[in-house]
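Data first, discussion second: the structure below is written as structure tokens.
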Amino acid sequence: MFEFLIQKLKAHPRKIVFTEGTDPRILEASARLLSGTFLTPVLVGNADEIQAAAEEIGFNIRGAEIVDPENFADMEKMVAALVELRKGKVDEAKARTMLKQGNYFGTMLVKMGYADSLLGGATYSTADTVRPALQIIKTKPGSKIVSSCFILVRPSATGDREVLAMADCAINIKPNEDELADIAIETAKTAKVFGIDPKVAFLSYSTLGSGAGEDVDKMRNACAKAKAAAPDLAIDGELQFDAAVSPRVAKTKCPDSNVAGHANTFVFPDINAGNIGYKICQRMGGFDAYGPILQGLNAPINDLSRGCNAQEVYSMAIITAGLCDEKL
């Protein structure tokens, strides 16, 4: 799955900011990325501390860019830019304080063009990664919200691979109908980047009217809005999960659906269902889970799980930088 992203980066090398430059997982992933020569890590932090941490665990980070907020040559320019971006909300003194934090400093590096993308969250919370992105990078034109999806991958019975997209599992707690429609369309775009021909299912405990209730109505109405906004996409709902993925069940419950039985892109009613759903696939279904991939921002910025390992950092770095031209 990563080969086409790596080839894309080899043709157009990128820079990616890591906001936690001394973290051993970041350093291991950075050393591996540097050996591939297609993606340059930009490590935020004190240069001596980063070099010492890398030497202590035996990773060669020669070639990485190390940028320290304490002695950044263009700090005055960055302060002025942040004050302008947050006009009326942040003064110069407040901007200086904010830019001492790796998450804000790193996000400004992307905003000002010193780097192409950012990956944070090895020690920061999701909120501390997403908040600077919302305040500084902001949403792309036409996008109402920032959402997230996970890409799930496992070997298939045919020896190929099965790839699914699931959203929103990390950002929006209780999205409304309009937000769910937006999430579906953005997730379909993400799915295409990873080679999925999206067949989008709005999930529920009801299949096309078999159940009733406010939650069913929400998913049915959201599905209708997504269809109206993106008539070229294969979208259906509300669907129970078994009807969405099992051709046998779909033949019984909704034989006329062009999605049921073959869905590969799933929209959950809320973050509870989404987070539980993707983790069941990951832990019990044998899927590798990549994400959360943030959608709707003006630049590629993604969040790591604080429980991530170096392999996950490496993979998410390739995904993040590989999406530079996509603007999901």
Side-chain angles (χ1 to χ4, degrees), residues 14-23 26-27 30 39-54 61 64-148 170-172 292 294-304 306 313 316-317 320-321 323-324 327-328:
R14 301 287 185 176
K15 294 183 180 182
I16 185 166
V17 175
F18 291 107
T19 55
E20 297 118 323
T22 58
D23 188 284
I26 300 297
L27 293 169
S30 295
L39 184 55
T40 300
V42 179
L43 304 173
V44 174
N46 178 273
D48 292 338
E49 292 177 2
I50 290 172
Q51 292 288 0
I61 59 167
E65 295 183 16
I66 300 176
V67 188
D68 187 350
E70 295 295 334
N71 56 29
F72 181 55
D74 287 339
M75 180 56 78
E76 295 306 314
K77 181 180 175 182
M78 184 177 281
V79 168
L82 182 55
V83 171
E84 179 63 25
L85 283 165
R86 304 290 292 152
K87 189 179 296 184
K89 297 179 180 178
V90 171
D91 60 16
E92 186 176 317
K94 177 65 174 176
R96 291 185 188 281
T97 300
M98 292 167 67
L99 290 170
K100 290 181 180 179
Q101 303 170 51
N103 54 344
Y104 276 96
F105 180 77
T107 305
M108 283 299 295
L109 288 176
V110 176
K111 178 66 177 179
M112 297 177 68
Y114 295 97
D116 305 292
S117 55
L118 179 146
L119 186 59
T123 58
Y124 285 111
S125 68
T126 294
D128 285 337
T129 300
V130 174
R131 189 183 303 111
L134 288 172
Q135 293 174 349
I136 294 168
I137 302 298
K138 303 182 181 179
T139 55
K140 66 180 181 180
S143 185
K144 302 177 184 69
I145 60 169
V146 172
S147 61
S148 74
I171 301 295
N172 295 284
L294 299 185
Q295 306 172 139
L297 288 168
N298 256 326
I301 292 180
N302 279 323
D303 177 47
L304 293 162
R306 281 175 283 181
V313 176
M316 280 302 296
T320 304
L323 296 175
C324 280
K327 292 192 175 181
L328 298 174

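Because only heavy atoms are used, hydrogens play no part in the values below, and waters and symmetry mates are left out as well, while side chains stay in. Computed from a predicted model, the values in this text were never measured in an experiment.
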First locate atom [atom1] of [X], then atom [atom2] of [Y], and finally report the distance between them rounded to the nearest 0.5 Å.
{"X": "I136", "Y": "L297", "atom1": "CD1", "atom2": "CG", "answer": "11.5 Å"}
{"X": "R96", "Y": "M78", "atom1": "CZ", "atom2": "CE", "answer": "12.0 Å"}
{"X": "N302", "Y": "L118", "atom1": "CG", "atom2": "CG", "answer": "9.0 Å"}
{"X": "K89", "Y": "Q135", "atom1": "NZ", "atom2": "CD", "answer": "7.5 Å"}
{"X": "L119", "Y": "M316", "atom1": "CG", "atom2": "CE", "answer": "6.0 Å"}
{"X": "I301", "Y": "I137", "atom1": "CD1", "atom2": "CD1", "answer": "4.0 Å"}

Side chain to side chain contact (heavy atoms under 4.5 Å, CB included) for Q51 and I61? Distances and angles first, verdict last. CA-CA 8 Å; Q51 292 288 0; I61 59 167; 4.0 Å; yes
Find out whether [X] and [Y] are in side-chain contact, i.e. whether some heavy atom of one side chain is under 4.5 Å from a heavy atom of the other.
{"X": "L99", "Y": "F72", "answer": "no"}
{"X": "M108", "Y": "L85", "answer": "yes"}
{"X": "Y104", "Y": "R131", "answer": "yes"}
{"X": "K100", "Y": "E70", "answer": "yes"}
{"X": "L43", "Y": "L27", "answer": "yes"}
{"X": "F105", "Y": "V67", "answer": "yes"}

Please find the pair of heavy atoms, one from [X] and one from [Y], that lie closest to each other, and give the distance.
{"X": "G121", "Y": "T19", "value": "N-OG1, 4.4 Å"}
{"X": "T139", "Y": "I145", "value": "CG2-C, 4.2 Å"}
{"X": "T123", "Y": "E20", "value": "N-OE2, 2.7 Å"}
{"X": "T320", "Y": "P300", "value": "O-CB, 3.3 Å"}
{"X": "V17", "Y": "G106", "value": "CG1-CA, 3.8 Å"}
{"X": "I26", "Y": "L304", "value": "CD1-CD1, 4.2 Å"}

Who are the salt bridge (Lys or Arg N to Asp or Glu O under 4.0 Å) partners of R86, not counting sequence neighbours? none
As a quick check of understanding, evaluate side chain to side chain contact (heavy atoms under 4.5 Å, CB included) for V313 and D23, giving each step before the final call. CA-CA 11 Å; V313 176; D23 188 284; over 6 Å; no
Please answer whether the main-chain N or O of [Y] pairs with a side-chain N or O of [X] as donor and acceptor at a distance below 3.5 Å.
{"X": "N103", "Y": "V130", "result": "no"}
{"X": "N46", "Y": "E49", "result": "yes"}
{"X": "S148", "Y": "A170", "result": "yes"}

Run the side chain to side chain contact (heavy atoms under 4.5 Å, CB included) test on S147 and I171 for me, step by step, so that the C-alpha distance in whole Å, both residues' side-chain angles and the decisive distance to 0.1 Å come before the verdict. CA-CA 6 Å; S147 61; I171 301 295; 5.5 Å; no
